There are 4 protein chains.
Amino acid sequence: MILKSLREEVLEANLELVRRGLVMYTFGNASGISRAEGLVAIKPSGVPYETMKLEDLVVVDLEGKPVEGSLRPSSDLPTHLVLYKSFAGIGGVAHTHSSAATAWAQAQKEIPCFGTTHADYFRGPVPVTKPLSPGEIRTNYEANTGHAIVRRFKKLDPLQVPAVLVAGHAPFCWGKSPSEAAHIAVILEEIAAMAFQTITANPKARPISKHLHEKHFLRKHGSAAYYGQVK
Amino acid sequence: MILKSLREEVLEANLELVRRGLVMYTFGNASGISRAEGLVAIKPSGVPYETMKLEDLVVVDLEGKPVEGSLRPSSDLPTHLVLYKSFAGIGGVAHTHSSAATAWAQAQKEIPCFGTTHADYFRGPVPVTKPLSPGEIRTNYEANTGHAIVRRFKKLDPLQVPAVLVAGHAPFCWGKSPSEAAHIAVILEEIAAMAFQTITANPKARPISKHLHEKHFLRKHGSAAYYGQVK
Amino acid sequence: MILKSLREEVLEANLELVRRGLVMYTFGNASGISRAEGLVAIKPSGVPYETMKLEDLVVVDLEGKPVEGSLRPSSDLPTHLVLYKSFAGIGGVAHTHSSAATAWAQAQKEIPCFGTTHADYFRGPVPVTKPLSPGEIRTNYEANTGHAIVRRFKKLDPLQVPAVLVAGHAPFCWGKSPSEAAHIAVILEEIAAMAFQTITANPKARPISKHLHEKHFLRKHGSAAYYGQVK
Amino acid sequence: MILKSLREEVLEANLELVRRGLVMYTFGNASGISRAEGLVAIKPSGVPYETMKLEDLVVVDLEGKPVEGSLRPSSDLPTHLVLYKSFAGIGGVAHTHSSAATAWAQAQKEIPCFGTTHADYFRGPVPVTKPLSPGEIRTNYEANTGHAIVRRFKKLDPLQVPAVLVAGHAPFCWGKSPSEAAHIAVILEEIAAMAFQTITANPKARPISKHLHEKHFLRKHGSAAYYGQVK
């Protein structure tokens with residue numbers, strides 16, 4: 001079995017989505033990439049999490065050609081591949097239909113940064129894609145979903161805004177590793193849920209100031225970060 | 001004991017409703033049909049799930065005549081029987097008062113298809129019945145509930161729209177088997193919950209396009225489906 | 001120890017409130033009455049549920065005079081006593097600050113009967129009391145809470161409407177036994193939660209018809225009931 | 001190891017936040033003070049709760065100088081220290097990003113006292129701070145957060161109003177001990193959640209009367225309290 005340790009990370013990221021209540025049945029999928037070998041390991045399509053084993057994961061190259069594994073990969077694989085090819089710095093992708101984040105995607109509204117929980121992870125609102133055209137839906141739908149995300153990030157740094165809401169669909173999240181991608185999926189769900197309650201308590205709620213937003217993001221990221229233990 | 005394997009499926013479908021938090025106390029009921037023998041197995045009325053055994057299930061014919069079992073069947077049995085007689089392709093029915101789906105039924109509003117989670121399972125909105133007339137409530141209330149559902153499906157294919165909201169009451173779900181019916185009940189609850197949050201985030205939220213809806217439904221259903229493993 | 005079996009029922013009713021997530025820390029209280037002896041057993045004040053034992057329950061007469069038990073009774077005892085003295089048919093009372101039901105009490109709005117789940121248990125909306133006057137709050141506050149409930153039930157049958165929302169406070173529930181009272185507390189919380197979602201999905205939602213309401217209530221209560229097993 | 005019993009209390013308070021679902025991953029922090037020695041024990045920054053040990057807690061003096069422990073303290077330590085220096089009567093502080101309370105902080109709205117659950121713990125609304133100025137954010141941000149809280153309490157008694165919502169951030173809670181601070185964090189989350197539902201059920205909901213508010217607060221606090229067991 002090739003890429004054993006990547007497979008372990010990917011399996012663990014998928015199971016984290018289950019443990020945190022972000023996926024049910026066979027919903028959702030997480031993947032990871034070995035940049036050195038140009039290979040991606042991803043969850044198989046429609047297989048229950050309860051019985052998923054290391055060897056059930058599917059390894060493909062960046063064009064989606066199967067390299068190892070007898071099962072079909074997640075049907076969202078082409079979206080993952082576009083993200084890996086366009087966002088050079090990412091090492092993992094996680095996709096869920098988690099309740100609150102999916103509802104914002106369905107509402108086709110970006111999630112404003114209402115507080116420091118959000119600012120700790122995202123250097124801006126959580127963006128939403130434009131809807132796909134009928135032609136983009138008809139042919140290469142999943143790859144086109146990836147392209148719509150990439151277009152939305154033309155002026156955004158995917159490592160500073162590690163998730164997107166696909167309009168009418170659900171979130172895609174990413175990070176330097178599969179486990180970071182899954183972690184972002186969990187945080188995003190929490191941020192999305194709190195954003196609903198925020199606009200319920202105050203329909204005119206405003207995002208926090210640029211100053212507070214930057215302060216919190218940079219407290220945790222970049223060379224001047226001072227959250228956590230020195231590494 | 002006749003129909004042992006159907007009973008096992010029906011018991012399991014009932015317990016799935018409990019495990020997923022869709023029913024409490026003795027709420028809800030699931031049934032299954034043997035088309036070959038024209039017999040239906042259903043949960044008994046008002047018996048706790050914790051202690052329910054295979055032999056507690058009640059087997060009746062399509063007119064509701066008891067064939068095996070000493071307990072009274074669920075009081076909603078006549079609704080199930082109308083569905084089995086009118087929807088030739090279904091093999092199981094599940095009825096719950098799950099929180100979000102019931103609230104839409106109480107609101108007497110169909111659930112619009114706000115996203116692909118919904119589109120993966122329903123080829124259209126989740127419909128709501130018309131309220132029953134006083135006369136329909138007075139006599140044969142449960143059978144008339146079934147008839148109201150069937151009238152609502154005059155122009156709908158029950159295998160492509162596998163659930164309904166009974167106005168002022170709660171959902172009825174179905175599928176090719178008891179376990180599929182229970183599965184739909186779980187999915188419907190999730191879809192209903194996300195639909196609330198969607199209209200909270202955006203009171204003017206619009207359904208997804210017909211193109212996206214069809215794409216997702218057909219990705220999972222019909223001859224061109226490509227979700228899951230080849231069977 | 002006197003009234004052992006009543007104590008067991010009362011302890012079990014209190015623990016049911018914990019198991020169903022209706023109370024936290026030392027919130028809430030349930031009691032039961034022996035009509036034959038004119039004695040009430042109730043949860044002690046401020047004692048954690050985790051360690052509560054049969055002998056911790058406090059037995060008092062209908063004037064609140066301690067008969068057995070070394071702990072102080074729940075501070076809401078005078079409310080319970082007024083209910084027992086005024087509602088001859090009840091055998092148990094349960095009081096919680098469960099989230100959704102308390103929110104309706106805080107909103108000082110009765111819960112309309114939006115569906116059959118409600119109609120199965122309450123023959124009308126769940127009523128809300130009038131606020132107490134400053135004088136009623138100052139002296140004998142807890143007994144006056146009971147009197148406000150009784151005044152609200154002047155034209156209502158407490159066995160057909162087994163709960164009330166005390167304005168700005170929380171629900172009191174009752175039944176023929178302590179376990180029935182706890183059961184109603186659980187159901188009321190579910191009904192209250194669904195009612196929120198109902199008005200979210202449809203701010204103009206209307207109660208179900210009198211016909212449907214009566215049908216469901218009488219399907220489960222009274223001489224013509226046909227829900228559950230014959231007893 | 002110094003301050004062993006304070007460390008035990010502080011560790012226990014931190015774990016209570018986890019058990020009650022108020023924090024996830026390494027979110028949140030609780031601390032305690034030994035007034036006699038002028039030393040504070042606090043959670044280390046960014047360390048998982050699952051593996052946190054007594055010796056991982058960090059002991060500092062009131063200027064934040066490390067006294068014992070090899071890990072970095074929570075980055076919110078300066079906020080805790082300002083609170084200990086300004087609020088002479090408190091012995092513990094707990095900070096979470098719990099969902100509903102954080103949403104009110106994000107909405108920058110105080111939580112009105114809609115009911116007796118709130119009145120039992122807070123002698124007034126739960127206040128919200130003013131946003132920090134750009135300069136206060138740039139330098140000594142965490143200490144300035146503490147100063148903003150203290151300014152907000154100019155006319156409030158912190159022992160009668162044991163929590164605050166920091167605008168655009170989240171709640172800080174306190175009490176006579178670390179465990180009381182954690183207890184208040186749990187109660188505040190519940191109160192905040194019920195307040196959302198209250199304004200959903202009735203957008204014009206009004207706070208309870210001063211009379212009822214005082215009655216409930218004084219039933220549990222002060223010399224005339226009569227809730228719980230005599231101590």
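Worth saying up front: this structure is predicted, and the values here are computed from it rather than measured. First the proteins, then the strands, lettered A, B, ... as listed; each starts at 1.
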Segment of A/Ile199 engaging chain B (4.5 angstrom heavy-atom cut-off):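 The side chain, not the backbone.
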Side chain, backbone, both or neither of A/Val166 within contact of chain B (heavy atoms, under 4.5 Å):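 Contact with chain B involves no heavy atom of A/Val166 at all.
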Sidechain-backbone polar pair: B/Gln197 side chain, A/Trp104 backbone, donor-acceptor under 3.5 Å: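 Between the backbone of A/Trp104 and the side chain of B/Gln197 there is no qualifying donor-acceptor contact (under 3.5 Å).
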Side chain A/Ser45, main chain B/Gly228, donor-acceptor under 3.5 Å: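 Yes, A/Ser45 side chain to B/Gly228 backbone: donor-acceptor pair under 3.5 Å.
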A/Lys109 atom NZ, neighbour heavy-atom count above 12 within 6.0 Å: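 It does not: A/Lys109 NZ has 12 such atoms or fewer within range.
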Mutual orientation of the aromatic rings belonging to B/His95 and B/His97 [parallel < 30°, tilted 30-60°, perpendicular > 60°]: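 Rings of B/His95 and B/His97: perpendicular, as their planes differ by over 60°.
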Parallel, tilted or perpendicular: ring planes of A/Phe172 versus A/His169, cut at 30 and 60 degrees: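 Rings of A/Phe172 and A/His169: perpendicular, as their planes differ by over 60°.
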Among the listed options A/Ser133, A/Pro44, A/Gly46, the residue most often paired with chain B at heavy-atom distances under 4.5 Å: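 With the most close heavy-atom pairs to chain B, the winner is A/Gly46.
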Salt-bridge contact B/Lys215-A/Glu142 (side-chain N to carboxylate O under 4.0 Å):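 Salt bridge flag = no for A/Glu142 with B/Lys215.
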Heavy-atom proximity to chain A below 4.5 Å, by part of B/Ser209: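 Just the side chain, heavy atoms under 4.5 Å.
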Residue, of [options], that accumulates the most heavy atom pairs under 4.5 Å with chain A:
options                                : value
B/Ile208, B/Thr117, B/Thr200           : B/Thr117
B/Lys220, B/His211, B/Lys210           : B/His211
B/Glu214, B/Lys204, B/Arg219, B/His118 : B/Arg219

